[in-house]
Amino acid sequence: MNSYLERVLEETKAKNQCEPEFLQAVEEVLETLSPVVYAHPEYEKLALLERLVEPERIISFRVPWVNDKGETKVNRGYRVQFSGAIGPYKGGLRFHPSVNQSIMKFLAFEQVFKNSLTGLPIGGGKGGSDFDPKGKSDTEIMNFCQSFMTELCKHIGQDTDVPAGDIGVGAREIGYLFGQYRRIKNVYEAGVLTGKSIEYGGSLARPEATGYGLMYFMREMLKANSKNLKSKTIIISGSGNVAIYACEKAQAYGAKVVAMSDSNGCIYDPSGIKLDTIKEIKEINRGRIKEYLDKYPSAQYMENKAGETPAVYTIKADIALPCATQNDINLETAKLLVENGVWAIGEGANMPCTNEAIKYMLEKGILVAPAKAANAGGVAVSALEMSQNSMRYSWTFEEVDKKLDNIMINIFKACQNAASDYNYGTNYVAGANIAGFRKVAKAMRAQGII
Ligand code: NDP
Ligand code: 2IT
């Protein structure tokens, strides 16, 4: 690694010792930037990388709310505004008990590069709370969202920072958040949040965008390597928004999805997953994936065991699509996947593989579609939602879907070209980092030392 990069990495580690996920994300990016940094010795004088790894702003706040029993609860809310170099901060909100500053910072940091790759004018941010939506009533969810927005509204705006969904935050939560923002601000600022329902300013194809986009990227990556999706066996971790629409598009391309999961375990249906049933369980009933067996008793349910490889990754397949959460695939799991014949990975989730797992899979010649590029379809359609809100106009499903497809084609080309420019071959992980970085670095240089 270049000596400037090494120094920045060491300093970042010293300064952020309690933030393992953030350090993991920074290390993964910096490790791939050596050839670019060699070509730009002026970056060091401008402390460009030191500025790149320091968020412009971190907001952390108290979120008090009252549950159905009348008890007062207190959660912690965050918004990390990482980089506004190429547009308003943009990125999702995650509600999950594991949320902490390290996770918020890793997600916001990665969002900077992802958003740059979309080619659209959006900076990088992320937010959320350690609130656990599981088992909460609709009223409790609304109470929480209203309290969360009462503070967050001071820091966001359609030209400042535009949150959206992520784990635990979907159309229902965005609705409650939007309502409270509108009430406090007394303004109809449609573009302040994305992922809205159609009736009040949402974009068609936003729910599908991340999963569809992932499969458009996979299609391009496989095509460039003389492969395709037809008749390939796929395992998907997760059964939330990203997983469901990745499955839908994979099936449309003629692939056979045989397994999906949630945090408790996975279902294995060798005859192919019936997605309507998954949608009913997850999107309507907010239930557990095990309930799939109620309708299809011939399928198999495999429970996750603490400290062991998630059950879904023990199933043989051609392609694995991790669409749940970070660090789902560690080195041991990566070895198992390779042993089981998996030859391509599509990262629907953010940072679903550890750095060791990625290195191992690349060494073994596995095609890896990196998260920053492969799951950028969601935020790209969020940016299209912002455009539609500004125009006070809306595009048809087909129009949005076509734009998404083109964006994913361009993102793949950008990764491929950057990888080839710097002799990284089919290492699209490096390609995505370099392509995302180049635009942000140029914008940072143009705007001076800020
Ligand atoms: P959802 O909340 O809709 O679904 C999350 C899924 O992951 C659920 O099936 C959940 O199971 C499962 N899961 C398993 N283990 C965990 C865990 N430890 N923590 C959290 N979830 C877990 O979220 P999304 O589908 O929106 O997000 C999935 C991933 O995709 C995340 O990494 C997110 O950051 C990323 N992403 C999302 C985008 C979007 O537009 N929504 C865009 C780009 C990336 P269970 O129900 O048991 O918790
Ligand atoms: O990780 C992500 O890109 C998202 N959760 C979507 C962000 C957005 O602003 O649509």
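All ligand and atom numbering here is 1-based and tracks the order in the structure.
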Ligand-residue contact atoms, ligand 2 with Lys126, heavy atoms, under 4.0 Å: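 Listed by number with element: 1 (O), 2 (C), 4 (C), 5 (N).
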Where ligand 2 meets Ala164 - atom numbers and elements under 4.0 angstrom, heavy-atom basis: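 Every atom of ligand 2 under 4.0 Å from some heavy atom of Ala164: 8 (C), 9 (O), 10 (O).
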[X] heavy atom under 4.0 Å from ligand 2:
X: Glu110; value: no
X: Arg206; value: yes
X: Pro163; value: no

Option whose closest heavy atom lies nearest to [atom], chosen from [options]:
atom: atom 25 (O) of ligand 1; options: Val242, Val379, Val169, Asp166; value: Val242
atom: atom 27 (O) of ligand 1; options: Asn327, Asp132, Ile167; value: Ile167
atom: atom 43 (C) of ligand 1; options: Thr210, Asp262, Leu214, Ile244; value: Thr210
atom: atom 16 (C) of ligand 1; options: Ile278, Ile289, Val99, Thr325; value: Thr325

Parallel, tilted or perpendicular: ring planes of Phe178 versus Tyr200, cut at 30 and 60 degrees: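 Correct class here is tilted.
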Asn264 N/O under 3.5 Å from ligand 1 N/O: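 N/O-N/O distance under 3.5 Å: no.
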Test side chain to side chain donor-acceptor pair (under 3.5 Å) applied to Asn375 and Lys114, Glu347, Glu110, the passing residue: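 So, applying the side chain to side chain donor-acceptor pair (under 3.5 Å) to Asn375 and each of Lys114, Glu347, Glu110, only Lys114 qualifies.
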Under-4.0 Å heavy-atom contact between protein and atom 10 (C) of ligand 1: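 It does not; no protein heavy atom is within 4.0 Å.
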Aromatic ring proximity Phe148/Phe131, centre distance under 6.0 Å: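 Ring centres of Phe131 and Phe148 not closer than 6.0 Å.
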Nearest-neighbour protein heavy atom for atom 3 (O) of ligand 1, which is reported as residue plus atom name and distance: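 Checked against all protein heavy atoms, atom 3 (O) of ligand 1 sits closest to Asn241 N, 2.9 Å.
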Protein heavy atom at shortest distance from atom 20 (C) of ligand 1: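 For atom 20 (C) of ligand 1, the nearest protein heavy atom comes out as His96 NE2, 3.3 Å.
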Within 6.0 Å of CZ in Arg182, more than 12 heavy atoms from elsewhere: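 No - once you tally the heavy atoms of other residues, nucleotides and ligands closer than 6.0 Å, there are 12 at most.
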